[in-house]
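In this text, all values refer to a predicted model and were calculated from it rather than measured experimentally.
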Amino acid sequence: MGVEEGFRGNKLTLASIGFAEARGAGAFKDDGLLGVGLPKPKDGYLDWDVAVRLSLPDVGAAVRTLLRRREIAEFVSGAMAGTMTKAVLAPLETIRTRMVVGVGSKQIFGTFMEIMEHNGWQGLWAGNTINMIRIIPTQAIELGTFECVKRSMTSAQLRWKEDGCPKIQLGGLTIELPLHLLSPIAVGGAAAGIVSTLVCHPLEVLKDRLTVNRDAYPRNIALAFNKIYRTEGVGGLYAGLCPTLVGMLPYSTCYYFMYETIKTSYCHAHEKKSLSRPELLVIGALSGLTASTISFPLEVARKRLMVGALRGRCPPNMVAALAEVVKEEGFKGLFRGWAASSLKVMPTSGVTLVFYEACKDILLAPHLA
């Protein structure tokens, strides 16, 4: 830190700390600087004649600048959208999970009454604490990854049109990879699902187990993680990872592809630059319903693998889990809980996208620049 030599009257100037004249008060704020007066003896009395000025950084401006970056704005918007959606729609998630894993009634209303009878209203939000902790990084990573990969893939395809696609050399054979045929939206959707799953899957496992049996694990989340790790090892925290990844590929790809395609087509047909909130809600709901229906049998298998330890019999793999469901309940069993899942997926998908687009519009609004 540099220091200016000498005094200027009764002032000594430093790079970020200086002495300046001040009268009357013991503290002041001037030009964004915080000042604290120092007493100076004068004829036997104290006179506030010297003050220390501290230059404080403008934290608010730094935060606003950070949030103005598109990647950060998308990440934060995803986290906020997921949090608000899960807080409102947690009961639908609880009912869906119990039906998918085969616990209790096979009917939506019957499952609702069972939860109310045994656990009361709090039972509808069982596992919601871990669900909220899970959804913040999951939704932020998923939506942020989708937007980032989609933009990167689009830019890469523009370069490939000019310079040619990447090539692989196998001896004297040169193979050109037709990456220009891939849809940036589909690639972004697949990447979003895979990355968010790999990072946040242990939280999903814990959430499902707390939803199915609240008494099996301590209510302290850290102790619950520790118990799963001690009894089942790392594999327990990633139970059902294989079917989750396999199911996430068609779900995430189809979901984002449908959403972006319908949104773009609708805007073009109606000559609009953006969609209204009700339109976003409907398009998001339809996209979520279609994607969920396509991947639902794999969803049933992964839920069975996640909570199998609680039921005393855990299938060894995804194929065994699917075979077990077909053997016990027939092919209809592969879609058990589909209605409850749709009841949860449709509003969740729609509401999440509404909140996401709204938050992103606010953070990236031109008047906030």
Side-chain angles (χ1 to χ4, degrees), residues 65-82 137-201 241-242 244-269 272-275 280 283-284 286-288 290-291 294-295 298 349 352-353 356-361 363-366 369:
T65 301
L66 182 64
L67 293 178
R68 294 292 303 170
R69 296 186 58 182
R70 176 168 290 276
E71 293 79 6
I72 300 298
E74 291 165 351
F75 188 90
V76 173
S77 297
M80 294 176 65
T138 299
Q139 204 68 69
I141 292 171
E142 183 176 322
L143 287 165
T145 300
F146 167 70
E147 298 279 12
C148 183
V149 172
K150 182 184 69 172
R151 281 196 302 272
S152 300
M153 189 69 180
T154 301
S155 299
Q157 286 184 337
L158 292 176
R159 292 196 304 270
W160 295 334
K161 286 183 180 179
E162 298 177 358
D163 306 330
C165 291
K167 299 177 178 61
I168 295 179
Q169 189 73 32
L170 297 176
L173 180 64
T174 301
I175 301 176
E176 185 177 78
L177 300 177
L179 299 180
H180 63 285
L181 299 178
L182 296 177
S183 167
I185 298 174
V187 174
I194 292 174
V195 173
S196 63
T197 297
L198 290 175
V199 174
C200 305
H201 189 75
L241 178 62
C242 178
T244 298
L245 289 174
V246 174
M248 185 58 69
L249 278 172
Y251 174 82
S252 185
T253 303
C254 178
Y255 173 64
Y256 286 106
F257 183 80
M258 284 200 62
Y259 170 65
E260 289 286 335
T261 302
I262 295 175
K263 182 176 71 171
T264 302
S265 300
Y266 186 86
C267 288
H268 180 73
K272 302 175 65 174
K273 293 184 178 180
S274 61
L275 299 177
L280 279 172
I283 292 176
L286 291 176
S287 301
T290 304
I294 292 174
S295 61
L298 296 173
S349 300
T352 297
L353 289 173
Y356 173 70
E357 296 290 351
C359 292
K360 192 168 65 171
D361 289 345
L363 293 176
L364 297 176

- For Y259 and L280, what are the C-alpha separation, side-chain angles and deciding distance, and is it a side-chain contact (heavy atoms from CB on, under 4.5 Å)? CA-CA 9 Å; Y259 170 65; L280 279 172; 3.3 Å; yes
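- Atom SG of C148 sits about 11.5 Å away from atom CZ of R70, to the nearest 0.5 Å.
- Taken to the nearest 0.5 Å, the OG1 atom of T138 stands 11.0 Å off from the NE2 atom of H201.
- Closest non-hydrogen pair, P184 versus Q157, comes out as CG-OE1, 3.4 Å.
- For I194, the side chain to side chain contact (heavy atoms under 4.5 Å, CB included) partners are L198, L245, L249, not counting sequence neighbours.
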- Item | side-chain contact (heavy atoms from CB on, under 4.5 Å) between K263 and L275, intermediate numbers included | CA-CA 8 Å; K263 182 176 71 171; L275 299 177; 3.3 Å; yes
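- For residues 180-189, no pair satisfies salt bridge (charged side-chain N to carboxylate O under 4.0 Å, His left out), with sequence neighbours left out.
- For L143 against G78, the heavy-atom pair with the smallest separation is CD1-CA, 3.6 Å.
- Not counting sequence neighbours, the partners of K360 by the side chain to side chain donor-acceptor pair (under 3.5 Å) test are E147.
- Shown here for S295 and A291, the closest heavy-atom pair between the two residues is OG-O, 3.0 Å.
- Qualifying side chain to side chain donor-acceptor pair (under 3.5 Å) partners for T352, counting only residues two or more places apart in sequence or in other chains: T85.
- Contacts of E142 classified as side chain to side chain donor-acceptor pair (under 3.5 Å), with partners at least two apart in sequence or in another chain: Y256.
- When all heavy atoms of V149 and G188 are compared, the pair lying nearest together is CG1-CA, 3.7 Å.
- The line from CD1 of I283 to SG of C267 is 7.0 Å long, rounded to the nearest 0.5 Å.
- The nearest pair of heavy atoms linking S349 to G284 is CB-O, 3.2 Å.
- Contact detail for S252 and A190: the closest heavy-atom pair is OG-N, 4.3 Å.
- The OH atom of Y356 sits 10.0 Å away from the CG atom of D361 when rounded to the nearest 0.5 Å.
- When the side chain to side chain contact (heavy atoms under 4.5 Å, CB included) test is applied to M80, the partners found at least two apart in sequence or on another chain are V76, M84, C359.
- Atoms CG and CD, on L363 and E74 in that order, are 10.5 Å from each other to the nearest 0.5 Å.
- Here F257 contributes atom CZ and T290 contributes atom OG1; the two are 12.5 Å apart, rounded to the nearest 0.5 Å.
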